[in-house]
There are 2 protein chains.
Amino acid sequence: MFTLLRTHIEKFIPLGNEDWDLLLPHLAEIFIRKNDYFSREGKPCKEIGFIVEGCMRHFYTKDGEEKTTYFYFENNLVTDYLSCLTGKPGLISIEALYDTKLIVFPYSVLTQLYSESKVWERFGRLIAEYIAMGLEERMTGLLMLSAEERYHQLLGSNKQKILERIPQHFIANYLGITPVSLSRIRNRMLKK
Amino acid sequence: MFTLLRTHIEKFIPLGNEDWDLLLPHLAEIFIRKNDYFSREGKPCKEIGFIVEGCMRHFYTKDGEEKTTYFYFENNLVTDYLSCLTGKPGLISIEALYDTKLIVFPYSVLTQLYSESKVWERFGRLIAEYIAMGLEERMTGLLMLSAEERYHQLLGSNKQKILERIPQHFIANYLGITPVSLSRIRNRMLKK
DNA sequence: GAGTTTTCTTATCTTTTGTTAACGTTTTTT
DNA sequence: AAAAAACGTTAACAAAAGATAAGAAAACTC
């Protein structure tokens, strides 16, 4: 059961059993029902999750409206990274889009491991670098591409799975446009 | 001279002399003339720089046009982070906006230090986290704010210094709009 | 310091995007 | 099963942004 998480971590760095055993006792399995929260705006996020089944969305509230800016899928880590790093209340909420099964552990355990173990400290660096690369790529898309180009890029990416089971207005938010605008883009594409 | 860099690094983590001495022999001082390059699209970036004096811009080329997406200032590190991390040819170029004085060292030295020293590995994590936080903040602005709001945010930030000595069309690129559009925004602001 | 280049603004026109509202469909709730 | 809510599309209009060009001012070059 917890081996799924171990396998994921080992995509970044090989773990000896002694490394894994440092984390293992702090793992727990939890379930979050559709529309329930993993993390909530205004509250510090102190947990790291790993999605075993289901998916979640990451959103801001602006002028009373929710703007979805990220999705988390199976076999991926989920957390309010910014809140974990700063220790401050989260600016965003993370909500389950479907009933979701997670493995969770406290962020404080991870920082503890950073100090105790070279392997874990390195993992912390690699994951931060990985996140930075993802953000850099997404930001470039926002600066350099039109909304239509971004949508095409999304369709052509390995994130296609986003499209399978996620309402379109969330995807529109993710692309930085309105749902109406996305609908027009899709319409235009059909006509070609 | 090199102490400026040490001071900067110690904003992230305290360095013992023995840590600093691991890096020191690999440091060099270089000068880059206005309009000359620190790193070039198509070539892997293998150096980290620290700007002692001057400033630089980071830009993509799209359809033959240069789009400036980032600036580097005095007392900050500069590099094509993505290219360093992946080892692949850079997608961007970094050019001096003014005659610039830098301290440089090879990225390979840094990765070597990551393996040799806990302190440096931690520095690697902290800097990656810092970069991720910056990118997250900027991306949020691009998704949630209008161009005009973004410009106001920029004016109100600690990056005001950007505005002092950088041509407006570069700032427009940075905001994700055209120079004409930025000029209109500024015009509207005057009238209020 | 004359001439060139770069930079910024302004105007006009076009395209894209946002806003609001209406409608039909699907999904969820009760 | 009926009612309510959520979702996606479309239309009409408004606002914002892009493209292009022209002109003035500033900066740079020789």
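Both backbone and side-chain heavy atoms feed into the values below; hydrogens, waters and symmetry mates do not. A, B, ... follow the sequence lines: proteins, then strands. Residue 1 opens every chain.
In this structure, A/R186 reaches the sugar-phosphate backbone alone: every heavy-atom distance under 4.0 Å involves primed, P, OP1 or OP2 atoms, never a base. A/L182 comes within 4.0 angstrom of nothing in the nucleic acid, heavy atoms only. Counting non-hydrogen atoms under 4.0 angstrom, B/T178 reaches the backbone sugars and phosphates but no base. B/S183 comes within 4.0 angstrom of a nucleotide base, judged by non-hydrogen atoms across all strands.
A/R184 has its CZ atom 13 Å from the P atom of D/dA12, to the nearest Å. Rounded to an integer number of Å, the gap from CG of B/N35 to P of D/dT29 is 8 Å. Put simply, CD on A/Q168 is 5 Å from P on D/dG8, counting in whole angstrom units. B/K62 places its NZ atom 12 Å from the P atom of D/dG18, with the value rounded to the nearest Å. Distance CG (A/L145) to P (D/dG18): 14 Å, rounded to an integer number of Å. Atom CD1 in A/I171 sits about 12 Å away from atom P in D/dC7, given to the nearest Å. One can place NE2 of A/H169 at 12 Å from C1' of D/dA5, the figure rounded to the nearest angstrom. A/I166 has its CD1 atom 18 Å from the P atom of D/dA6, to the nearest Å.
Over its full length, the helix from C/dG1-D/dC30 to C/dT30-D/dA1 turns its helical axis through 60°, comparing axes from the five pairs at each end and rounding to 10°.
Each of B/I185 and B/K34 was matched to the nucleotide of DNA chain D holding its nearest heavy atom; the match closer to the 5' end belongs to B/I185. Nearest-nucleotide positions on DNA chain D for B/Y98 and B/I177 put B/I177 closer to the 5' end.
Side-chain atoms of B/T79 come within 3.5 Å of backbone N or O of B/E47 as a donor-acceptor pair. Between the side chain of A/T100 and the backbone N or O of A/A96 there is no donor-acceptor pair closer than 3.5 Å. Between the A/K62 side chain and the B/M144 main chain, a donor and an acceptor come within less than 3.5 Å of each other. At least one donor-acceptor pair closer than 3.5 Å links the side chain of A/K118 to the backbone N or O of B/S115. Side chain of A/T178 to main chain of A/S181: a donor-acceptor pair is present (N/O by atom type, distance under 3.5 Å, no hydrogens or angles). Side-chain atoms of B/T86 come within 3.5 Å of backbone atoms of B/L82 as a donor-acceptor pair (strictly under, hydrogens ignored). Under the 3.5 Å distance criterion, the side-chain polar atoms of B/N173 are matched with a main-chain donor or acceptor of B/T68.
Taking the six-membered ring for Trp, B/H8 and B/F50 have ring centres closer than 6.0 Å.
Other residues, nucleotides and ligands contribute only 12 or fewer heavy atoms inside 6.0 Å of the OH atom of A/Y70.
The hydrophobic clustering, which links ILVMFWY residues whose side-chain heavy atoms are closer than 4.5 Å, places A/L4 and A/Y98 together.
For A/R138 and A/Y174, the positive end sits near the middle of the six-membered ring, less than 6.0 Å away and at most 45° from its axis.
The aromatic rings of B/H58 and B/Y72 sit tilted, their planes meeting at an angle between 30° and 60°.
The stretch residues 53-60 of chain B has no heavy atom under 4.0 Å from DNA chain C, so no residue of it qualifies as close.
The footprint of chain A on DNA chain C, defined by a heavy-atom cutoff below 4.0 Å, extends from C/dT17 to C/dT28.
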